[in-house]
There are 2 protein chains.
Amino acid sequence: MNLAIGDLSRRTGVKIPTIRYYEQIGLLPSPVRTEGQQRRYGPAEVRRLNFIRHARELGFEVDAIRQLLGLADDPNRCCGEAHEITKAHLDEINDKIARLTALRDELETMVACDNRRVSECRIIEVLADHGQCQHHQH
Amino acid sequence: MNLAIGDLSRRTGVKIPTIRYYEQIGLLPSPVRTEGQQRRYGPAEVRRLNFIRHARELGFEVDAIRQLLGLADDPNRCCGEAHEITKAHLDEINDKIARLTALRDELETMVACDNRRVSECRIIEVLADHGQCQHHQH
DNA sequence: CTACAACCTCTAGCGGTTAGAGGTTCAAGA
DNA sequence: TCTTGAACCTCTAACCGCTAGAGGTTGTAG
């Protein structure tokens, strides 16, 4: 298996400029090159890039991924660290879900609105109020 | 109530440069100024900025926020429009909730991991394996 | 051996912010 | 009233995580 960057891209679903970008910021190691300076990749890179892509899809920031990859690279290290990173991320997501759900409920009652003028419209009212009271809980 | 930009920042949790940026892109109206060109804000701006911040935290793009705010600014517009926009956002929100929930479930099984060694760690495993097979469904 | 798709580097852009430099204003205390 | 210093001003440039394009080179299939 000796993949050009386009093959790697197709295999992982990561766009070519993004792959080069990941290399540049040190997420992916510099691969071997042909005589003419073209990148060639092996199975290890496919695995690593898939890992990266999946983690990004889960919303991990590049820094977090770097940490996770560091852990994965050192199979003797304690797992607690990965646990911690993931837990923090999970908390953030739960928070977002809660707030989105609150907003949705509010919007849902609003959609019942059928007035002719915005001046009497619940939608606008609720949005304004929502902004107003939100920062108390933060 | 005659707030300087720093006061507004503290009241809303939006950083000062961000407030100026919002003004620049037209999300916030240009406020009144003192003789010496310093910005002064009133309660309307506090409300508006709180709304913006809240919407941004929930992942709405600036353009979407502009639309919603635009409705609120024009009380003579037909409510049907607000209705439509709100409905669109409701769909968006429901979509977001669904995706975040899926994400959370995945992360939650991951944090169940309490191994001492990374080599046996579910988190790393899931990211690696999942990455491997993920792109087929995309 | 040629054609041309795919690669290369480099620069610059995106949205949404944030940070810094270098200078001015406001307001509280002497 | 004057002085100090925190807070403000504008402007430019950086940040993240990509993405796009220009302009040139390489690899490979026919």
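Between Arg40(A) and Pro31(A), the shortest heavy-atom contact is O-CB, 3.5 Å. The nearest pair of heavy atoms linking Arg33(B) to Glu23(B) is NH2-OE2, 3.8 Å. Annotation for Arg53(A) and Val14(A): closest pair CG-CG2, 3.7 Å, computed over non-hydrogen atoms.
Side-chain N/O atoms of Arg39(B) include none lying less than 4.0 angstrom from OP1 or OP2 on dC8(D). Contact annotation: Arg10(A) does not reach the phosphate of dA6(C) (side-chain N/O to OP1 or OP2, under 4.0 Å). Considering only side-chain N and O atoms, Arg33(B) lies under 4.0 angstrom from the phosphate OP1 or OP2 of dT10(D).
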request  = Scan nucleotides 17-30 of chain D nucleotide by nucleotide, 5' to 3', and note B when protein non-hydrogen atoms come under 4.0 Å of the base, S if they reach only the sugar-phosphate, - if neither.
outcome  = BBB------SS---

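Look at CD1 on Ile19(B): it is 15 Å from C1' on dG16(C), rounded to the nearest Å. Taking atom CD1 on Ile16(B) and atom C1' on dG16(C), their separation rounds to 18 Å, with Å as the unit. One atom, CD1 of Ile5(A), and another, C1' of dA6(C), lie 11 Å apart when rounded to the nearest Å. Between the C1' atom of dC9(D) and the CG atom of Leu8(B) lies a distance of 16 Å, rounded to the nearest Å.
Contact check on Lys87(A) versus Asp91(A) returns a salt bridge, with a Lys/Arg side-chain nitrogen under 4.0 Å from an Asp/Glu carboxylate oxygen.
With sequence neighbours excluded, the residues forming a side chain to side chain contact (heavy atoms under 4.5 Å, CB included) with Arg20(B) are Ile5(B), Ile16(B), Arg39(B), listed by chain and number.
Each of Gly6(B) and Gln24(B) was assigned the nucleotide of DNA chain D with the nearest heavy atom; the assignment lying further toward the 5' end belongs to Gly6(B).
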